[in-house]
**Student:** 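Would you mind keeping the following structure in view while I ask a few things?
Residue numbers run from 1 in the order of the sequence given.
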Amino acid sequence: CMELIKDKPNIAVFDTAFHSTLSPEAFLYAIPYEDYEEFKIRKYGFHGISYMYISQEVEKLIGENKKVIVCHLGNGASVCAIKNGKSIATSMGLTPLEGLMMGTRCGDIDPSCVFQIMKDRNLTVSEVEERLNKKSGMLGISGMSSDSRDIEKAASEGNERAILTEDIYSYKIKKYIGAYSALMGGLDVLVFTAGIGENAFRIREKVCEGLEYLGIEFSIDENNTRKSGIQELSKANSKVKVFKIPTQEEYMIAKEAKAILEK
């Protein structure tokens, strides 16, 4: 771009920038400290542009100083704990492989699984990396697709592997919601966003099932009603508000670039 459009400024809006507020206990791994010092091996997190946008939208809806968990659920998926507008924990790590199970990524696993798979299948580093990034997740469990729409259809028709895929996916999301609520000392708002978060009725219901102890009164009727734009999915008396908020990453990038240009 700098060569082809020489008279125009180039601005980088980093997907990791929103997570710059993570504390050392949130971003450091329990590996030799020199690996962090020398090679910067640490949690960086991703989907930050989306989280920034959602955080601002939540502030418009219910005001500042809130404890918010956002589930950005697309083919790539992550969860973020946002306290008073700042990221304090997020599920993706050094790379987008850590955290939730995704379309083709495995998410959290015992690191020794990598060594065992390499040994049992006689794989190179590149081959096992491809297996964990591109052949795992929803695709790996279901054996049919990385697209949640295909899995949802198959699950509704009784396919056991598809049902298992949805159950594992929802379980892992719910686990992060519980952990992040503990970190923040409670929860005010839960948000679903991105392709799956905005459209997968079954996943949202499975995730919220059993979270009444947090103060969530989930409306199944509202959840099953498709509406464009922002939609509240919790009942009127719910202590914790649940929303579907469509993300606008392109808008957020343009907004940040405009702000920099106007400085």
**Student:** State whether a side-chain donor-acceptor pair under 3.5 Å links His47 with Ser78.
**Tutor:**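 There is such a pair (donor and acceptor under 3.5 Å, judged by atom type) between the side chains of His47 and Ser78.
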
**Student:** Glu250: what forms a side-chain hydrogen bond (donor to acceptor under 3.5 Å, both in side chains) with it, not counting sequence neighbours?
**Tutor:** none

**Student:** Within the 3.5 Å criterion, strictly below it, is a donor on Ser50 or His72 matched to an acceptor on the partner's side chain?
**Tutor:** yes

**Student:** Is it true that, when you exclude Glu25 itself, more than 12 heavy atoms of the residues, nucleotides or ligands shown sit nearer than 6.0 Å to its CD?
**Tutor:** yes

**Student:** Under a 3.5 Å cutoff, is there a donor and acceptor pairing between the side chains of Lys255 and Gln56?
**Tutor:** yes

**Student:** Between Glu262 and Lys258, does any side-chain N to carboxylate O distance fall below 4.0 Å?
**Tutor:**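 Judged by the 4.0 Å cut-off on N to carboxylate O distance, Glu262 and Lys258 do form a salt bridge.
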
**Student:** Between the side chains of Tyr176 and Asp108, does any donor sit under 3.5 Å from an acceptor?
**Tutor:**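 Yes, side-chain donor-acceptor contact under 3.5 Å.
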
**Student:** Heavy-atom count check: over 12 atoms from other residues, nucleotides or ligands less than 6.0 Å from Tyr171 OH?
**Tutor:**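 No, not enclosed.
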
**Student:** Given the ring of Phe201, does Arg204 sit roughly above its face, with NZ or CZ under 6.0 Å from the centre of the six-membered ring and within 45° of the axis?
**Tutor:**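 Relative to the ring axis of Phe201, which defines the angle, Arg204 lies outside at least one limit.
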
**Student:** Salt bridge or not for Glu209 and Lys206, using N-O below 4.0 Å?
**Tutor:** no

**Student:** Is it the case that the side chains of Asn75 and Arg105 hold a donor-acceptor pair, with the cut-off being a distance below 3.5 Å and no angle test?
**Tutor:**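 Looking only at side-chain atoms, Asn75 and Arg105 do not form any donor-acceptor pair under 3.5 Å.
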
**Student:** Testing the basics here: between Tyr213 and Gly210, what is the closest heavy-atom pair and its distance to 0.1 Å?
**Tutor:** CD2-O, 3.4 Å

**Student:** Looking at Lys235 and Glu222, does any basic side-chain N land under 4.0 Å from a carboxylate oxygen?
**Tutor:** no

**Student:** Flag this pair as yes if the NZ/CZ of Lys40 is under 6.0 angstrom from the six-membered ring centre of Tyr36 and inside a 45 degree cone about the axis; otherwise no.
**Tutor:**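 Yes, a cation-pi geometry holds between Lys40 and Tyr36.
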
**Student:** Is it true that the side chains of Thr247 and Glu249 contain a donor and an acceptor less than 3.5 Å apart?
**Tutor:** no

**Student:** Okay, side chain of Tyr51, backbone of Lys86: is any donor-acceptor separation there less than 3.5 Å?
**Tutor:**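 Answer holds: no.
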
**Student:** Count I, L, V, M, F, W, Y as connected when their side-chain heavy atoms are under 4.5 Å apart, and connections chain through other members. Are Phe14 and Ile82 then in the same cluster?
**Tutor:** no

**Student:** Decide yes or no on salt bridge (Lys or Arg N to Asp or Glu O under 4.0 Å) for Arg131 and Glu127, but give the supporting numbers first.
**Tutor:** CA-CA 6 Å; Arg131 189 172 184 84; Glu127 287 170 338; over 6 Å; no

**Student:** With a 4.5 Å cut-off on side-chain heavy-atom distances among I, L, V, M, F, W and Y, is there a chain of contacts connecting Ile88 to Ile177?
**Tutor:**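 Both belong to a single hydrophobic cluster.
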
